[in-house]
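Each chain gets a letter, A, B and so on, in the order its sequence line appears, and its residues count up from 1.
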Amino acid sequence: MVDLRQVEKEFDTVSAALKRRGVEEGVLERIKTLFEEKKAVRARLEAAQAEQNAKSRLFGQYKREGKDVTQLQKEVAENKARIAALNEEVRVLEERLAELATTIPNIPDPDVPDGEDEEANVEIKRVLEPASFDFKPREHWELAERNGWIDFERGVKIAKSRFSALRYEGARLERALINYMLDFNRDRGFEEVYVPFMVNAESLFGTGQLPKFADDLFKIEGEELYMIPTAEVPVTNLFRDEILKKEELPQRLTAYTPCFRKEAGSAGRDTRGMIRQHQFDKVELVAITTPEESDRVFNEMVACASDLLTSLGLPHRHMLLCAGDMGFSAAKTVDLEVWLPGQGRYREISSISNTRDFQARRARIRYKEEKKNRLVHTLNGSSLAVGRTLIAIMENYQQADGSIVVPEILRPYL
RNA sequence: CGGGGGAUGGCUGAGUGGUCGAAAGCGGCGGUCUUGAAAACCGUUGAGGGUCACACCUCCCAGGGUUCGAAUCCCUGUCCCCCGGCCA
């Protein structure tokens with residue numbers, strides 16, 4: 001959530017920054033007005049409460065002294081009604097404020113480029129040259145069929161469209177990749193954690209998926225639980241409502257989880273193959289840091305994911321996302337796009353974001369600095385989307401006869 | 001899923017309807033002593049809002065209710081623990 005006091009005090013700056021993300025101006029105006037109104041009403045409420053407390057104390061004293069309390073009783077009753085009215089007023093204001101404020105995305109960093117969509121993303125650098133093939137490289141679904149690695153039809157049969165099953169070396173390679181990635185991240189100082197694959201609404205609010213993006217989530221019927229759309233949710237929320245010691249920071253964590261997404265609104269996109277599924281594996285990086293350290297840790301995370309791709313021999317490029325293309329909670333995002341020779345283009349395989357204090361404010365994650373509690377910065381990044389890594393390996397390591405050579409570094413994991 | 005018991009500050013744990021934001025112990029921090037440390041002793045130590053700073057407001061799981069007044073009484077919910085059932 002954006003800092004309402006910042007909205008109040010630095011209205012023009014915040015408003016300009018959010019406009020870059022496509023937030024309409026009027027919304028921010030209304031937030032500011034509501035916030036100020038709420039403050040004023042609350043001040044009146046508190047004064048009335050102070051009066052009530054004082055009179056109640058006096059009431060007890062009168063009783064003990066055997067004095068007449070009829071007048072006092074009348075005053076107290078009147079004041080009570082006033083308190084109830086003011087309370088209601090505050091409640092309504094807060095509700096309307098929350099309705100608006102919780103749907104405002106994060107303020108983009110100053111170095112985030114302008115732009116509405118992925119067209120305006122800025123390529124920062126390329127790593128590894130795409131190999132040239134002396135035959136026409138095939139797309140992954142064709143390779144999957146030839147090798148029997150991915151069973152699309154049966155995945156659909158047992159679940160529905162956008163589900164698939166892995167078989168033979170495909171299944172084993174998926175698991176090998178997970179293990180390899182976790183080991184790689186651990187060597188880089190990220191502690192491995194294992195977390196629930198379902199979370200409650202409070203957690204989803206904390207990382208920003210709720211209330212705005214409920215339609216993207218699978219909800220468990222009859223339970224207040226949702227399937228996680230990314231490990232970012234359970235892992236970041238490990239620290240929800242906690243005050244960490246400064247020495248405990250930064251927390252650097254890595255976790256493997258499956259991810260579940262409805263992919264609402266992406267009808268017709270990437271329906272072929274395994275690019276966009278309702279369930280996919282991902283190894284995630286999460287960091288909790290002080291504000292001072294978050295840029296440094298962000299760069300470490302980008303490097304970690306990029307080096308992982310390099311170690312697998314997969315050509316890729318770094319993209320700095322423009323303001324309009326970033327996720328709701330992000331202040332800054334770098335995507336890694338892997339080269340898919342079959343498709344002849346780069347496709348997203350990792351996304352690393354610094355949310356600054358946006359999630360920390362929603363999830364109340366703080367740390368103690370010289371007696372004062374300050375909000376932490378939270379960061380998250382994929383390292384990597386496992387299914388897409390599998391695809392990338394298939395397409396980049398394919399042979400003329402349609403077979404696939406497993407990269408050297410993964411063989412010990414098979 | 002059935003039966004029983006709980007939920008209080010970083011932890012353990014008292015708590016009478018008013019003087020309780022809350023005893024005590026532990027832990028933390030500061031100090032005395034010491035070359036230094038330990039021990040002992042003294043002091044200090046919850047969070048959020050509000051204020052220039054005070055004042056003041058809110059918070060004893062959550063939400064309702066009773067009352068002039070609720071950590072304390074009543075209802076509902078959530079979570080935890082124990083016993084039994086089922087189960088990887």
Any donor-acceptor N/O pair, E142(A) side chain to E139(A) backbone, under 3.5 Å =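 No; zero donor-acceptor contacts below 3.5 Å.
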
Using modelled atom types only, decide if a donor and an acceptor are shared between the side chain of Q251(A) and the backbone of I288(A) within a distance under 3.5 Å.
->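 Such a contact is absent between Q251(A) side chain and I288(A) backbone.
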
Would you indicate which nucleotide in [options] comes nearest to any side-chain atom of [X]?
| X | options | result |
| --- | --- | --- |
| E46(A) | C68(B), A47(B), C56(B) | C56(B) |
| V76(A) | A47(B), C68(B), G49(B) | C68(B) |
| K80(A) | C68(B), G48(B), C57(B) | C68(B) |
| N53(A) | C68(B), C57(B), G50(B) | C57(B) |
| K39(A) | G50(B), C56(B), U58(B) | G50(B) |

For [N] and [M], measure between their [atom1] atoms and round to the nearest Å.
| N | M | atom1 | value |
| --- | --- | --- | --- |
| G15(B) | C42(B) | P | 26 Å |
| C41(B) | U34(B) | C1' | 14 Å |
| C54(B) | G6(B) | P | 42 Å |
| C26(B) | U76(B) | C1' | 37 Å |
| G4(B) | G18(B) | P | 31 Å |
| C75(B) | A24(B) | P | 33 Å |
| G50(B) | A55(B) | P | 15 Å |
| A71(B) | C33(B) | P | 45 Å |

Using a heavy-atom cut-off of under 4.0 Å over every strand shown, decide if [X] touches base, sugar-phosphate, or nothing.
| X | answer |
| --- | --- |
| K245(A) | nothing |
| R364(A) | nothing |
| R5(A) | sugar-phosphate |

Which whole-number value in Å describes the distance from [X] [atom1] to [N] [atom2]?
| X | N | atom1 | atom2 | value |
| --- | --- | --- | --- | --- |
| E224(A) | C79(B) | CD | C1' | 15 Å |
| K63(A) | G18(B) | NZ | P | 15 Å |
| Q52(A) | U58(B) | CD | P | 10 Å |
| E51(A) | C57(B) | CD | P | 12 Å |
| R42(A) | U51(B) | CZ | P | 12 Å |
| L45(A) | C57(B) | CG | P | 11 Å |
| L375(A) | G49(B) | CG | P | 9 Å |
| L4(A) | G48(B) | CG | C1' | 15 Å |

Could you tell me which nucleotide pairs with [N] by Watson-Crick or G-U wobble geometry, both distances under 3.5 Å, or answer none if nothing does?
| N | value |
| --- | --- |
| C29(B) | G43(B) |
| A23(B) | none |
| U35(B) | none |

Fit a plane to each ring of H278(A) and F163(A), take the angle between them on a 0 to 90° scale, and name the class: parallel (under 30°), tilted (30 to 60°) or perpendicular (over 60°).
->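 Ring orientation, 0 to 90° scale: tilted.
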
State whether Y62(A) and K67(A) meet the cation-pi test: NZ (Lys) or CZ (Arg) under 6.0 Å from the six-membered ring centroid, and within 45° of the perpendicular axis.
->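 So K67(A) does make the cation-pi contact.
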
State which residue, out of D109(A), N106(A), T378(A), fulfils the side chain to side chain donor-acceptor pair (under 3.5 Å) condition with R356(A).
->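 So the option named by the test is D109(A).
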
Centroid separation F260(A) to F197(A) less than 6.0 Å |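 No, the ring centres sit 6.0 Å or more apart.
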
Verify the distance criterion only: is there a donor paired with an acceptor across the side chains of K246(A) and T290(A) at less than 3.5 Å?
->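 No, no side-chain donor-acceptor contact under 3.5 Å.
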
